[in-house]
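Okay, structure first, notes after.
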Amino acid sequence: MFSGFMEKLVAGRWIAGPNVDDVIERGRRFNKLGIGSIMNYLGEALTDQKDINDAMDNYREILRKVKKGDPLTQISVKPTQIGLSVSLDMAEKNFSEIVRLAGEKEIFVWVDMEESNLVDQTIELYQSQMPNRSIGLCVQAYLRRTPQDVKNLTEKGGTVRLVKGAYTEPENVAFKSKEDIDRNYVEIMTYLFDNAERFMIASHDDKIIEKAREINKEKKKDVWYAMLNGIRNQYLIQLQKDGEKAFSYIPFGKKWIQYSVRRMQEAGHMSLLMKSIIHGQKI
Ligand SMILES: Cc1cc2nc3c(=O)[nH]c(=O)nc-3n(C[C@H](O)[C@H](O)[C@H](O)COP(=O)(O)OP(=O)(O)OC[C@H]3O[C@@H](n4cnc5c(N)ncnc54)[C@H](O)[C@@H]3O)c2cc1C
């Protein structure tokens with residue numbers, strides 16, 4: 001658990017706590033409601049071997065402690081916390097270990113997507129473990145390239161988690177207006193409904209989520225819905241009650257500032273924090 005006042009107020013909304021046991025405990029609380037957990041250790045752009053080992057140790061510990069074959073437990077790994085900022089080779093070696101350990105526990109592994117200059121290497125990293133069916137890759141609808149990436153990945157049998165995108169990107173690579181990003185999101189989502197069997201809609205946007213649910217009444221695909229812990233927990237609970245497969249993405253670790261700042265920037269400074277205090281409903 002966090003101890004400082006600011007940590008409790010800000011990070012406590014979205015982050016399980018500093019340790020593996022905190023995220024496992026928070027995951028269990030969601031699991032009791034029938035909601036899956038996606039555990040993510042905080043930290044990115046790591047170049048110090050000690051920090052990379054620490055990130056790896058945290059994933060090793062999760063995979064040692066979680067129950068075998070639990071469909072409500074997944075993990076999500078940032079490429080630059082397992083060595084991509086040092087070399088693709090290092091990231092591939094570490095990712096193959098995580099995928100092997102997760103495979104022994106039958107746990108699904110996601111690869112997070114970071115800045116646009118890392119997309120090619122991140123796809124390569126993901127593909128280094130294909131055709132494993134228990135791994136998936138996050139793709140960002142704000143990037144102009146993503147429809148083509150999703151087509152390539154889907155044709156190879158990949159599994160994607162579709163998000164809008166959380167980093168500040170230049171206009172030549174990314175759409176900037178909400179309207180354009182949402183349009184691209186819906187186009188990619190429509191492609192997935194037509195061409196993929198299983199994928200994850202990761203968003204808090206009720207318009208998009210309800211549109212997906214409407215399309216799926218006819219398509220009957222295996223759709224997972226995911227939200228970040230503490231943003232719209234009540235809506236997530238409602239989705240689960242309505243019979244959808246719902247997941248909460250739960251970060252943990254000591255490096256909570258960068259993550260919390262990104263969340264606050266998303267919906268206009270303090271408004272996301274205020275909204276999430278009202279709608280988040282701590283689990
Ligand atoms: C499971 C998951 C994994 C992610 N992984 C990545 C990743 O690997 N890489 C990456 O770049 N990004 C990732 N993201 C973040 C993502 O890119 C977006 O930054 C973030 O989800 C905000 O976009 P949105 O789809 O929720 O839509 P927004 O456009 O931010 O919000 C849309 C609408 O949702 C509603 N809304 C939002 N929050 C609230 C609230 N608290 N209460 C009430 N209504 C609300 C509002 O109506 C708002 O207009 C992930 C997000 C999720 C959910």
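Atoms considered below: every heavy atom in the structure, side chains included; atoms not considered: hydrogens, waters and symmetry mates.
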Using modelled atom types and a 3.5 Å cut-off, is there a donor and acceptor pairing between side-chain atoms of D51 and backbone atoms of L46?
no

Give the cluster check for I231 versus V163: same hydrophobic cluster or not, with ILVMFWY residues linked at side-chain heavy-atom distances below 4.5 Å.
no

Would you mind telling me which of V109, I250, I38 makes a side chain to side chain contact (heavy atoms under 4.5 Å, CB included) with S76?
I38

Closer than 3.5 angstrom, by distance alone: can the side chain of E218 be matched with the main-chain N or O of I215 as a donor-acceptor pair?
no

Side chain to side chain, M227 and S248, heavy atoms closer than 4.5 Å:
no

Tell me every residue that passes side-chain hydrogen bond (donor to acceptor under 3.5 Å, both in side chains) with T122, counting only those two or more places apart in sequence or in another chain.
none

For R198, which of V160, D222, V223 qualifies under side chain to side chain contact (heavy atoms under 4.5 Å, CB included)?
D222

Counting only N and O atoms by type, is there a donor-acceptor contact under 3.5 Å from the side chain of E169 to the main-chain atoms of E115?
no

Establish, from distance only, whether the side-chain atoms of Y185 and Q140 form a donor-acceptor pair under 3.5 Å.
no

At their closest point, which heavy atom of T159 faces which heavy atom of Y126, and how far apart are they?
N-OH, 3.0 Å

Taking all non-hydrogen atoms of both residues, which atom of I15 and which atom of R26 are closest, and how far apart?
O-NH2, 3.8 Å

Audit row: F108, W224, ring pair (Phe, Tyr, Trp, His ring centres under 6.0 Å) steps and yes/no
CA-CA 13 Å; F108 195 96; W224 294 338; 5.2 Å; yes

Taking all atoms of both residues into account, what is the closest heavy-atom pair of L118 and E114, and its distance?
CD1-CB, 4.0 Å

Under 4.0 Å between a Lys/Arg side-chain N and an Asp/Glu carboxylate O for E214 and K211?
no

Show me the side-chain donor-acceptor pairs of residues 129-136 shorter than 3.5 Å, one per line, residues at least two apart or across chains.
from : atom 1 : to   : atom 2 : distance (Å)
N132 : OD1    : S134 : N      : 2.7
R133 : NH1    : G157 : O      : 3.2

Is D22 reaching over with its side chain to a backbone N or O of N19, donor-acceptor style, under 3.5 angstrom?
yes

With a 4.5 Å cut-off on side-chain heavy atoms, are I82 and K93 touching?
no

Given the rule in the salt bridge (charged side-chain N to carboxylate O under 4.0 Å, His left out) test, do K178 and D205 qualify, once you have shown the distances and angles that lead to the verdict?
CA-CA 11 Å; K178 177 168 165 53; D205 194 330; 3.3 Å; yes

Pair T80-E44, side-chain hydrogen bond (donor to acceptor under 3.5 Å, both in side chains): steps then yes or no:
CA-CA 5 Å; T80 65; E44 50 199 90; 5.7 Å; no

If you define the side chain from C-beta out and look only at heavy atoms, does anything of I75 sit under 4.5 Å from N40?
no

Output for pair (I208 CD1, L162 CG), nearest 0.5 Å, gives 8.0 Å

One should read off an interatomic distance between L192 CG and E197 CD, to the nearest 0.5 angstrom, of 11.0 Å

Salt bridge (charged side-chain N to carboxylate O under 4.0 Å, His left out): which pairs involve residues 134-145, sequence neighbours left out?
D120-R145, R145-D149

With sequence neighbours excluded, tell me which residues meet side-chain hydrogen bond (donor to acceptor under 3.5 Å, both in side chains) with K105.
none

Verify, without hydrogens or angle tests, whether Y142 (side chain) and V173 (backbone) share a donor-acceptor contact under 3.5 angstrom.
no

Salt bridge or not for E97 and R60, using N-O below 4.0 Å?
yes

With sequence neighbours excluded, residues passing side-chain hydrogen bond (donor to acceptor under 3.5 Å, both in side chains) with N216:
none

K164 and D182 ion-paired at < 4.0 Å
yes

Is there a chain of hydrophobic side chains (I, L, V, M, F, W, Y, each step under 4.5 Å between heavy atoms) that links I62 to V99?
yes

Quick one: does M200's side chain get under 4.5 Å of W110's, heavy atoms only?
yes

Do V20 and L72 share a hydrophobic cluster, counting only Ile, Leu, Val, Met, Phe, Trp and Tyr and linking them when any side-chain heavy atoms are less than 4.5 Å apart?
no

How far does CZ of R232 sit from CG of L239, to the nearest 0.5 angstrom?
9.5 Å

Would a 4.5 Å heavy-atom cut-off, applied to side chains only, mark R183 and F175 as touching?
yes

In Å and rounded to the nearest 0.5 Å, what is the CG to CD distance from N94 to Q81?
10.5 Å

State, yes or no, whether a side-chain contact exists between T146 and L143 at a heavy-atom distance under 4.5 Å.
yes

Would you say E104 has more than 12 foreign heavy atoms packed within less than 6.0 Å of its CD?
yes

What distance do N31 atom CG and R29 atom CZ have between them, rounded to the nearest 0.5 Å?
11.5 Å

R100 charged N/C atom sitting above F95 aromatic ring, 6.0 Å / 45°:
no

My understanding is that only residues two or more places apart in sequence, or in another chain, count here; which of them pass ring pair (Phe, Tyr, Trp, His ring centres under 6.0 Å) with Y225?
none

Trace of the side chain to side chain contact (heavy atoms under 4.5 Å, CB included) decision for K67 with T73
CA-CA 8 Å; K67 216 168 67 205; T73 300; over 6 Å; no

When clusters are formed by joining ILVMFWY residues with side-chain heavy atoms under 4.5 Å apart, either directly or through shared neighbours, do L153 and I201 land in the same one?
yes

Ignoring hydrogens, what is the shortest heavy-atom contact between I209 and S203? Give both atom names and the distance.
CD1-O, 3.2 Å

If you compare all heavy atoms of L42 against all heavy atoms of P251, which two are closest, and at what distance to 0.1 Å?
CD2-CB, 3.7 Å

Can you tell me if H204 uses its side chain to pair, donor with acceptor, with the backbone of L228 under 3.5 Å?
yes

Near E155 CD, under 6.0 Å, is it more than 12 heavy atoms from other residues, nucleotides or ligands?
yes

Rounded to the nearest 0.5 Å, what separation is found between the CD1 atom of I123 and the OG atom of S128?
12.5 Å

How far apart are the C-alpha atoms of Y41 and E61, what are their side-chain angles, what is the distance that settles it, and do they pass the side-chain hydrogen bond (donor to acceptor under 3.5 Å, both in side chains) test?
CA-CA 11 Å; Y41 185 58; E61 189 179 338; over 6 Å; no

Is there side-chain contact between L137 and R161, with at least one heavy-atom pair below 4.5 Å?
no

E244/R213 salt bridge by N-O under 4.0 Å criterion
yes

With side chain to side chain contact (heavy atoms under 4.5 Å, CB included) as the test, would you mind laying out the steps for K151 and K156 before giving the verdict?
CA-CA 9 Å; K151 189 167 181 290; K156 289 179 181 152; over 6 Å; no

Single-linkage hydrophobic cluster, 4.5 Å side-chain cutoff, V77 and M90 together:
no

Less than 4.5 Å apart, side chain to side chain, heavy atoms only: is that true for Q240 and I237?
no

Heavy-atom pair of closest approach, residues K219 and F193:
CD-O, 3.8 Å

Are the side chain of N195 and the backbone N or O of Y191 linked by a donor-acceptor pair below 3.5 Å?
yes

